[in-house]
Number of protein chains: 2
Amino acid sequence: MDNKIVTIKEIATKLNISPSTVSRALHDHKSIGLRTKARVQELAKELNYEPNQTAIFFQQRKTFTIGVILPELSEAFFSSAISGIEDCANKNKYTVLMGQSHDDTEREKQLVETMKNHRVDGLLVSIAKNTTTYEHFEAIKKYDIPVVFFDRIPSMENIHYVACNMASGTTQAFNFLRKLGHKTIGMINGPMNLLASKERVEGYRNALTKARLKYDPSLIISCDLTTDGIHKVTEKLLSLKNKPTAIIAFNDYVLLDAVEAVKKLKLKINKDVSFVSYANLPISNYSAHPPLASVEQFSYQQGYKAMEIMLDLLSKTNSENDNTTFYKIILEPQLIIHTPATL
Amino acid sequence: MDNKIVTIKEIATKLNISPSTVSRALHDHKSIGLRTKARVQELAKELNYEPNQTAIFFQQRKTFTIGVILPELSEAFFSSAISGIEDCANKNKYTVLMGQSHDDTEREKQLVETMKNHRVDGLLVSIAKNTTTYEHFEAIKKYDIPVVFFDRIPSMENIHYVACNMASGTTQAFNFLRKLGHKTIGMINGPMNLLASKERVEGYRNALTKARLKYDPSLIISCDLTTDGIHKVTEKLLSLKNKPTAIIAFNDYVLLDAVEAVKKLKLKINKDVSFVSYANLPISNYSAHPPLASVEQFSYQQGYKAMEIMLDLLSKTNSENDNTTFYKIILEPQLIIHTPATL
DNA sequence: CTGTTAGCGCTTTCAG
DNA sequence: CTGAAAGCGCTAACAG
């Protein structure tokens, strides 16, 4: 068995020509004679030549690899998003280097470091939920590694990102509930360092303003998105004097925990309290207590789009250092109303 | 801003010593004087030196990168498995290069190629459901890139793999249903090129044999695992003369489609026909029609274990080329019986 | 304890 | 149209 790895040099000596000629022939360089080009390509195939990418990466200072950092792969939103990223990357000859922060800022920092050392061409990140300092992302700019954020966007200036307009999604959700007759609507929100949490509040308040209603801040409670946190918050909401008859849950996972809390209180879903949530994950379709509606956030598309932006950034990174314009792609979410049949 | 990237050579000239000394000092080589070591490390930190991994990868013929090829990231089983892989890899200073085959053999082949060119140190793969030729995996062995398969194992000799003992899982499922009084038990199986499908049949037959029952082959039907295929197969099973009162579904996703088919036939779940399935995915916990029980396959653990085997293989790949012993790790699955409360 | 040297495999000027 | 040579950044004999 020809276990040995074939190099350009070998092809060269076997053909009595120089390595540079071989390299050029392999790349279909115009200045190479058809005759030699053919001979080289033939022998290359015969010997089963494979270019050593690590050598090329090193030499070209480009790895055709994109680093992706996200909180948790087992959350459907993220696995779907990275699926989109990978599809787009693959289509464009890029590969994906993946790491999960597990919502731990320290690990996130370390991953940025690893990715940098691996010389990824770019970084796609969805930040850990309690990341509040951003030096690690600032730092990487100096290395000409573009960063595009998706979904979980940090509160930083001058960044590229793609996200869903959660304000508008929340307004949609709110109005939907209003139309069903709900007067008092609560919200289980996420940590306030997330843009998405701020936007939810914004959308909620916009809806109130438009409807000329008064804002009761106690109806919106932030939590850390842990099961315990969600249970507590749900109980709190449902024990208010101004008790909500409907609740907007941060996402479909949060909803699952909120539903449990409601059951513990011996209240009836869709009777004592109704829910609307975000993400529109497949679990909702099969759930025993699906939300009345869920704000679709197009996770796959977000990932795909983020990668497209990255490709664009990479294509012109050398010519113009456009440190002035930033992509801020905001997808319009869509409230998916679940049919009565499934309720 | 010091945008320039610092190299060992620079540190060397600034300190009037040789690059090799710097390299050694940075690696805490014992033969370097404490004095110089300190000076080097200090300056390195000051200049913010970062080793160029691509150079190291190239030079060392090792990338500390593991390629992972799996069918579909948005399937919970796989995202959970890769989560385990990544955790184990990360803990051991390895990174994960990821690609989805989307159950397409062509793309799988191409991914193997890409991974090979990227010079991954090893490959972890769960094959596409209709992959039946394995040259691409045979080929990669010549490059000293170990391959460990997980969950979806090809019918090849001499491979490393970790999987769940689906035979035993199926026997457990079968016996569970028998105890509930079911006499005629059907099975929606996957494509027969998958080891897991063969094992299901084996487990089914073992259970029959032990119970001294006769085997009716029409009660086991293979399908392509598409929604349409599942619908057809379900209808077929339920229109047999020897009609099953319980069905073992290939996994929790298949179950969802099978349930739909049952509804279309106006039959009642858990009355006309009961289900048991595999995977025990979270969806089951929230599903409107969860299976009576589900065979837990420990996806995260499978991924983690596969990566551990890989690490072991990598640690001794140079010393002994142990082409004779192969890891065949078979995890014992566990039938998780869903509490009546959720039914 | 430290320096010299060579080389990993490839691309790419610069000369013919 | 082709060759010679340099060099990407780092490590590792080998030689002091």
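Labels below follow one simple rule: chain letters A, B, ... track the order of the sequence lines, proteins then strands, and each chain is numbered from 1. All values derive from a computational prediction rather than experimental measurement.
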Any [X] side-chain nitrogen or oxygen under 4.0 Å from OP1 or OP2 of [N]:
X	N	result
T21(A)	dG3(D)	yes
Q60(B)	dA12(D)	yes
S23(A)	dC10(C)	no

Interatomic distance, [X] [atom1] vs [N] [atom2] [rounded to whole Å]:
X	N	atom1	atom2	result
F57(A)	dG9(C)	CZ	P	16 Å
H29(B)	dA12(D)	NE2	P	8 Å
I32(B)	dG3(C)	CD1	P	8 Å
R24(B)	dT2(C)	CZ	P	9 Å
R119(B)	dC10(C)	CZ	C1'	12 Å
H27(A)	dC1(D)	NE2	P	19 Å
L26(B)	dG9(D)	CG	P	15 Å
I5(B)	dG9(D)	CD1	C1'	11 Å

Practice task
Identify which nucleotide among dG7(C), dT4(C), dG3(D) has an atom closest to any side-chain atom of S18(A), counting heavy atoms from C-beta outward.
Solution key: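 Of the options given, the side chain of S18(A) lies nearest dG3(D).
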Handout entry: Touch class at under 4.0 angstrom, heavy-atom based, for T36(A) against every strand present
Key =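 Counting heavy atoms under 4.0 Å across all strands, the contact made by T36(A) is with sugar-phosphate only.
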Practice task
Mind checking S31(A) for me? I need base, sugar-phosphate or nothing, with any heavy atom below 4.0 Å counting as a touch.
Solution key: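 Counting heavy atoms under 4.0 Å across all strands, the contact made by S31(A) includes a base.
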Exercise for the section: Let me know, please, whether N16(B) or P19(A) comes out on the 5' side of the other along DNA chain C by nearest nucleotide. Expected result: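 It is N16(B), whose closest nucleotide lies nearer the 5' terminus.
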Practice task
Starting from the 5' end of DNA chain C, give me the residue, K30(B) or T7(A), whose nearest nucleotide shows up first.
Solution key: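 Upstream on the strand: K30(B).
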Problem - dC8(D) pyrimidine/purine six-ring stacking with F58(A), under 5.5 Å and 30° - result: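 Aromatic stack with dC8(D) present for F58(A).
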Handout entry: Cation-pi geometry met for K62(A) and F64(A) (6.0 Å, 45°)
Key =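 Yes, a cation-pi geometry.
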Exercise for the section: Using the six-membered ring of Y143(B), assess whether NZ or CZ of K116(B) lies under 6.0 Å from its centre and within 45 degrees of the ring axis. Expected result: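 Yes; both conditions hold, so K116(B) lies above the ring face of Y143(B).
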[X]-[Y] side chain donor-acceptor pair, cut-off 3.5 Å:
X	Y	result
S20(A)	S23(A)	no
H118(B)	T63(B)	no
Y300(B)	D87(B)	yes

Handout entry: Donor-acceptor pair present, R61(A) side chain and dG9(D) base, under 3.5 Å
Key =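 Counting by modelled atom types and ignoring angles, no donor-acceptor contact under 3.5 Å is found here.
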Exercise for the section: Please figure out whether S20(A) or L34(A) has its closest DNA chain D nucleotide nearer the 5' end. Expected result: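 Mapping each residue to its closest nucleotide by heavy atoms, the 5'-most match is L34(A).
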